[in-house]
Every structure is written in C-alpha cells, then in structure tokens.
Amino acid sequence: MDVIPKWAEVILVPLISLILAAILSALVILAIGEDPVAAVNLMVTGALGSTYGWGYTLYYATNFLFTGLAVSVAFHAGLFNIGGEGQAMLGGLGVALACLLIPWPHWTIALLAATVMAGLFGAAWAAIPAFLQAKRGSHIVITTIMFNFIAAAVLNYILVNVMRPPGSMDPASARFPEAVHLPTLHDILGVVGISFSKAAPANITFLIAIAACFLVWLLLWRTWLGYEIRSYGKSEPAAKYAGISPVAITMIAMLISGALAGMMAINNVMGEAERLVLNAVEGAGFIGIAVALMGRSHPFGVFLAAILFGFLYQGGAELALWTSIPRELIVVIQALVILFTGALDNMVRMPLEKLFLMLRRRDA
Amino acid sequence: MAETAPAIELKGISKAFGPVQANKDISIRVMPGTIHGIIGENGAGKSTLMSILYGFYKADKGEIFIAGQKTEIPDSQAAISAGIGMVFQHFKLVENFTVLENIILGAEDGGLLRPSLAKARKSLLELEQEYGLNVDPDAVIEDLGVGMQQRVEILKALYRKADILILDEPTGVLTPAEADQLFRILDRLREEGKTIILITHKLREIMEATDTVSVMRRGEMTATVKTSDTSPAELAELMVGRKVLLRVDKKPATPGDVVLDIKGLRVVDEQKVERVKGIDLQVRAGEIVGIAGVAGNGQSELLEVLGGYAKATGSVSLNGEALDLTGKEADGRSRRKRGIGHVPEDRQREGLIMDFSAWENTAFGYHRSEAYQSGLLLNNAAIRDDTAGKMERFDVRPPNPALAAKSFSGGNQQKVVLAREIERNPELLLVGQPTRGVDIGAIEFIHQQIVALRDQGKAILLVSVELEEILALADRVAVMFDGHIMGERQSAETDEKELGLLMAGVGS
C-alpha cells in the first residue's frame, strides 16, 4: 500500500512545493524593498492578462514541452539526458537547412520536412553520447553536457563561416522565405473568429507539442517498446533477464529523446525567429530538466509544468521590464521554483506522509 | 534474589513502521549460559526485534533489561558497551585487511596503530585459546573461507567483551560441515558462560543447537518453549498458524528423452574469472535435476547462460538442437521462444520489476508475444485478464492484478513469477532458489507446482542452496564446487552428509 494517495502525490506535493517557493520568493522581493503583491500582480497580468501575454507564455511553454518530454523519455530508461540544449541547437540547424535549401511550395510540407530534419539532427546529436554510454559505459551526464559545448561551437562555426549571407555582420543565417512562415495562434484562432494578439510568437507548433505529449504517453504506456524502456529504467538486471537489450534500449531511448529536443527548433527557429541565430535555444534545454522533474516525467505533468515555466518566463520578463527588480532576481525566483519542485521533493513529501498516516490511524 | 537474573529480558517491546506493526508487545527472557533460538517466517519481525536490541531502531514501547539492569540502547555503541555482540548474515569485514586489523577496527586504543595491534594480538591469542577458535591473526580476509570469516566476526564481538552474541541466519552461506563446526563453537561459548541468540528459519538448526526457542509470527511472539519439549512439526505449525506438510509428496520420476544436454560448458565473467570450468550435464524429460552447492560456486552463472544473459563456450542443446551461447540468439527472448522458462534466483532483482503492477510483471519477458498485442499497441486488457486467471490458479494473495509487485509478500511474488513461467508450458524450466525468502505455507504450494510440471513430462533444472529442498524435490542431484560438478547422485540413494562432503570439494 502506498503511503499517500495518488491524488496527493500528483497534485498536493507539487502544489505545496510551489507555494513554498512563492513564499520564499516573496521574502526575497521584500528584502530588496519591493512589494511582492504588486510583483505577483504584474507577473500575472503580464503573462496571462492579455492574449499578447498568453502568446508569449504559450510560446515559451512549447519550447519547454519538447525539452521536458525529451528529458522524460530518457529518464524512463534510467538515463539523464542533460544535452537537450545542444540537441535543440542542432535541431535548429536541421530546420534552417530544410527551410533554406529547398523552395517549398507551401508551409505545411515545409513544416513536415522541418520537423523530420529537426528530429533527425537532434537524434544524431544524442546518438554519439548514447553510443558511448551503451558500448563503452561513458557516463551520459558527462558526455551530453560536453556535447552542449560542442554543439555551440559547431553552430558558431557554421553560422559565421557557412550560413552567414555575404555582407552580413550578424552570425545568423539568411531569413527563411515567406512560403515557410508558420501560422501563428493569431492566424489559427482568427479562422474560428477569436481575436488573438498578432505580435505574440505562439504558433502552430504549440499544437504539435500537445500531439507529442500524447504520442509520448502512448509510446511509454501502450507499446512494448515503451514497456521495455520503462523496464530497463527500473532495473537493468531484470531487463537482461527478460531479454531486453540494454544497448538497444539505451540507443532507442536517447534517439527519441534527442529527436524531441531537436523538434523544439520548429517553434523557436521556424515559428519565431524565421532564421537561425546563435543562442536560439536560450536555456530551454536546461529548463526541460526542471519541467520533467516537476512533471514527474509524465506527459500530462510535463504539460502543466511547461505552462507554469512559460508563465514564469513571460511574467519574469514583464517584471524586469516594468519594475526596478533586476533581471537576475527573476532567475532567482525561477531557480527557487526548480529547487522546491525538483530537488527538495522529499522535504514536502515526508511531513505529508506523516500527516496521512496520522489521519489513517485516526480512521482505523 | 535466589534466582540468577536473565542475561537479557525484553518486556512488552512494540515497534511500528507506518501502518505495519513489526513487533507487537514482545517479551522474552534468556538465561545466561544458554542458546536461545528465534524462529519465524520472513517478515515475522525477527530482524526488527534484533535491530532494536542492537540499537539500530528505537522501540515505540517496552523495556530492555541486561543482566537485571534496565538498559537504554539508543545506538550500536551502547549495545556493545552493554555486552551485546552481533554477527550479521552478511559479514562486515574489510576484505583486504588482515584478521587482526579487522578485529581492532573501531576499537583501536589511541591514535597509533602499532601499539594497539600488539596489544590486540595478545588478547586475540588468549581469546582464541579460551574458546578454541583458531584463526591466523595475519591472514588477509579475502583469502579465508566463509566459515573462517564468520569466526572472525565472532572473535570481533568477543574482543569487544560481548557476553551476549546474536547470530542472524548464520548458516545461510555455510556448507553443512562448516555449520556443524559453528554449532560446536557455539556449544563451547555456552560452556564458557556466554549467552547466544540464534535467529534462523531452519527448523533443523533450532532442534540441534538451542536450549529454548521462541516462535514469532506476524510481529508477535506466539510461543516460547524448551527445545527438548517440542518437535519440528509443532514449531512449523506455530510459525505458520496451521498444519504444514514438511515433505514433498511425489511419485518416482519416469525420465524420458534427454531435453537439455550440456557439454564442456565454460563461463568467464566480466572480471575475467572463470566461474564454470567445463561441466557436462543432462536433464531428461519428466525429471527434476537439482544442482546443490554453496552459493557462488558457478550455479548462478550456469542459470544465466541457460537463461540467455551470459556468454559461454562449450555446447548446449535443447531437444537435440544447439543453443546459441555467444551470438545474436543468446538472449532471454530467444530462449523463451525455444521453450525455456526461467524462475530466476533473485526474483526482486531479476524476476520482477518491483514498481510494476502484477499484470505488467506477468507480461515480463513475454511482452512481445502476439497474445499481448493489438495492432501497434499493447493489449493491456488482455494482459490484465490473463493475470487475473493466473493469480487465481496460483492462489496469489491479494488477487489484485493492479497492485505493485513490491506490495506482495515474498511467497506471493514468487507465485507471480512461477505462474508466468509455468503457464507458458516450457520444455525446460530453470528454477533458482524457488523458496528463498518464501514463507513455509507457500513453499508447499511452490514445490507442488514444480512437481506437477515434471509429471507433465517437462524437464526441470533446479538450483538451490538449501540441501533439504534439493533432496526433497530433485530426482537426481549434481553437486557443484568451484565451477566443477563434483559428482551426481540419485537423490533417493544419497544423504546430506555425502552431498555436504561433495559441496566442500572433498572426494567424489
């Protein structure tokens, strides 16, 4: 029998963690002489108070959905993929190549091709650490983080020396042609008569990310491959006993993980920037780790956590824009949320377990 | 007081872990100079009780008296200074230290090693003489046999001036001969006035070695009796709470064709150590062949090779067709396709995923089979139905397919594994330690199922470190020692003594 009921495990524990993080953040804001209530107000109206705010919140959330799912899939196989950042950078390269090299007649086909390329490039970048782990036992945490640096260097080289249009001083690729521009939420919702901010970058990729959530869930809990991934993640000796190949599962899980991280690029590169720039990923690969931790590596949890972090990002940007609260403090608040929801999980869980035990004993 | 005070007295000890009452109002008295046995099934609360006595856990309620004095034992340091010594099932020795270094570890006097070693050597030699425990103080632990290592553990406790020795399942890793030696040592210690508490689940040891015995069941002390006034059958009944059949009921085997034929099998492990050194073995249809031996003599590796997850050289054939020992087909899935079922030695590490539900575990290893698929997806409903049927036929309690494997008792976990492997109707069933950590009540049922499969004309290879189990269940016994098969016997024509000698590598 589990000590705490499922609903408490899934909802109450993250919620209490979140409240604790909020309280601590409020204290920090108080300490620098600002008003926490006003700050929260500003964050909420900035991120959720207008379709413009929502547009940014959902745009960030889309990035985090892909990287969060990427970390989750690897996590189920017992692998800690912290290379989402680099895999998303390479995914961006794939998207840029797809969009620039072929004159697509329509954005739908371009989107399909770009998604495939993003996935392939991301997966390829994850494949090397995966292979080193599976065959040589090189620890995946070390190799994936090193590959983040290599990815940044590779991208830098390619942008400066290969893809930079002649005469441009900017280390960025040429602009993508008009035909491959993706419809934004403004365009999509406009069809059904809902007006949505035109300036916000949220686009059709958000819907693809939701579909990805569902597909990941289907893969992990409804197919034998997902079953093998989860089995291997829980117990390697048992997996061997059952005839599940550790090498194959390590490779497959990391390829899927890398592909998901890479696919983030259709949001930020194809959907928003419409060209490939340096540092397009903006740390979303690392936020994915926090999102996966908070979402308990379950696609639905990842969805909720991604929205929350989207809110924090957009709300934080608003805060930095309109108050004298420095940008660094926003990072502190985000870090507190990560700390409480991800790392300090047991701090909330233990007292809660005791509480439920007490309640149960009183019932008995 | 005319009467001597008991060496240890526990009064009303209770301890709960969450909703589980591990110890409920337990009282015992152990008189000085006696050997007191505590027997009970896995999970009956024996280890919890001893952990309380040794200061690992704090009791929720109750008092401890040592030699008539009320004593608080908040940690193991306090237990040691109260004169309690513990010999754990898994030894706590530093492998690459000498005996002497291990003995003073944690009991050095002063910061300089040399004088304390010299002093310790003197008192160690005195101890060895006093109790007849001969061990070379300068031998390195890893060079010593298990029996010797256990002596070091005992000496360690005595060196710390223990008057009360607690031994937790001390014979689990010993050959029968080593176990006999241990009991002689315990006798000697008793004569010298030490008090010994022996925790075990083996009825025979209780009958042989103890003066008094307490039986635990579900956290309660159900009885304390003089050993000479009781019988194994009565103790078993007290442990389980109902009458138990201690022997396996089976007809003589009628062996058919050779199913499994092993020739010149060698296994080298990942550390490049040769574990199986060229063995030949046959198992026929309709017979149970038991592999006896002390743990770690190559039996596990043999099972791993046959189960498909260790590489080997030599040849193995199943019904006349060779098995792949090194290539692509050397994996668990191919083995299952060929009709080899496998109940692994360690069900919690290999046989089950403890966090998975019973129905997910029922598909384990067979999760790609067609019956469990519908299109691209797993047919979870079909697996659940299948599991519910298996749980009913194998009397798994509680019969709830959605419950996680870790929530079942050891016996019921084993039944889940057994149902999965037996109901596939394998040509050959590999069974490792079928009843390790399984309660007596379930042992009976598990043995019956294995015999029933044999009677359907299937071949069964049984590996167990319990000689009693091998003798009761197997039709033919092969003894493994140091990677070799030392000899084969018909189980009707041999006994524990003969097998025990083979297990120790003596003669053939």
Side-chain angles (χ1 to χ4, degrees), chain A residues 1-6 9 75-78 135-137 214-249 252 296-298 349-364, chain B residues 16-20 270 303-304 307-310 328-337 340 342-356 360-361 363-370 372-380 383 398 400 403-407 417 420-421 430 432:
Chain A
M1 192 165 54
D2 290 326
V3 187
I4 48 178
K6 192 120 187 146
E9 158 86 30
F75 221 69
H76 278 287
K135 284 284 187 189
R136 315 289 322 163
F214 178 70
L215 288 175
V216 165
W217 174 80
L218 214 57
L219 168 79
L220 286 174
W221 280 279
R222 287 292 182 276
T223 67
W224 61 255
L225 180 62
Y227 180 90
E228 291 197 348
I229 290 175
R230 289 186 297 123
S231 301
Y232 174 69
K234 292 276 186 202
S235 164
E236 183 170 346
K240 280 189 186 162
Y241 155 81
I244 297 168
S245 155
V247 173
I249 293 300
I252 292 172
R296 300 274 178 281
S297 293
H298 190 285
R349 191 186 303 267
M350 303 278 252
L352 214 61
E353 278 177 3
K354 278 199 184 130
L355 183 77
F356 271 98
L357 271 178
M358 249 170 57
L359 291 175
R360 200 170 288 163
R361 233 176 262 164
R362 197 170 299 164
D363 288 346
Chain B
F17 295 103
V20 183
E270 280 167 4
L303 281 185
E304 285 172 9
Y309 51 109
K328 268 204 137 52
E329 301 273 290
D331 79 327
R333 204 154 58 87
S334 309
R335 290 290 197 272
R336 285 178 179 81
K337 276 193 198 146
I340 299 180
H342 185 183
V343 178
E345 286 187 290
D346 190 339
R347 64 179 158 274
Q348 303 198 341
R349 216 173 88 90
E350 296 181 342
L352 295 165
I353 303 263
M354 299 306 279
D355 288 336
F356 276 11
E360 282 176 300
N361 273 301
F364 199 50
Y366 302 100
H367 51 276
R368 292 207 209 174
S369 71
E370 237 159 79
Y372 290 159
Q373 316 291 322
S374 67
L376 281 174
L377 303 182
L378 281 176
N379 189 345
N380 288 354
I383 304 175
N400 178 3
L403 215 56
K406 62 181 173 200
S407 313
V417 177
R420 179 179 78 203
E421 302 300 326
L430 310 169

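Order of the sequence lines sets the chain letters (A, B, ...), proteins ahead of strands, with each chain counted from 1.
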Student: For residues 237-245 of chain A, run the donor-acceptor check on the side chains, cut-off 3.5 Å, and write out each pair with its distance to 0.1 Å, sequence neighbours left out.
Tutor:
unit_1	atom_1	unit_2	atom_2	d
A/Tyr241	OH	B/His342	O	2.6
A/Tyr241	OH	B/Arg420	NH2	2.9
A/Tyr241	OH	B/Glu421	OE2	2.9
A/Ser245	OG	A/Val247	N	3.4
A/Ser245	OG	A/Ala248	N	3.0

Student: Quick one: list whatever passes ring pair (Phe, Tyr, Trp, His ring centres under 6.0 Å) with B/Tyr372, sequence neighbours left out.
Tutor: none

Student: Taking atom OG of A/Ser231 and atom CG of B/Asp355, what is their separation to the nearest 0.5 Å?
Tutor: 11.0 Å

Student: Is it the side chain or the backbone of B/Glu360 that comes within 4.5 Å of chain A heavy atoms, both, or neither?
Tutor: both

Student: What part of B/Arg336 gets within 4.5 angstrom of chain A, counting heavy atoms only: side chain, backbone, both, or neither?
Tutor: side chain

Student: Identify the heavy atoms of A/Tyr227 and B/Leu378 that sit nearest to each other, and give their distance.
Tutor: CB-CD1, 4.1 Å

Student: What heavy-atom pair brings A/Lys234 and B/Phe356 nearest, and what distance separates the two atoms?
Tutor: CG-CE1, 4.0 Å

Student: Among B/His367, B/Gln373, B/Arg333, which has the most heavy-atom pairs under 4.5 Å with chain A?
Tutor: B/His367

Student: If you round to the nearest 0.5 Å, how far is CG of B/Leu377 from CG of A/Leu219?
Tutor: 10.0 Å

Student: More than 12 heavy atoms of other residues, nucleotides or ligands under 6.0 Å from CG of B/Leu376: is that the case?
Tutor: no

Student: Hey, does the side chain of A/Ser235 reach the backbone of B/Ile353 with a donor-acceptor pair shorter than 3.5 angstrom?
Tutor: no

Student: What part of A/Glu228 gets closer than 4.5 Å to chain B, counting heavy atoms only: side chain, backbone, both or neither?
Tutor: side chain

Student: Examine whether an atom of B/Ala404 lies under 4.5 Å from a heavy atom of chain A, and if so say whether it belongs to the side chain, the backbone or both; otherwise answer neither.
Tutor: neither

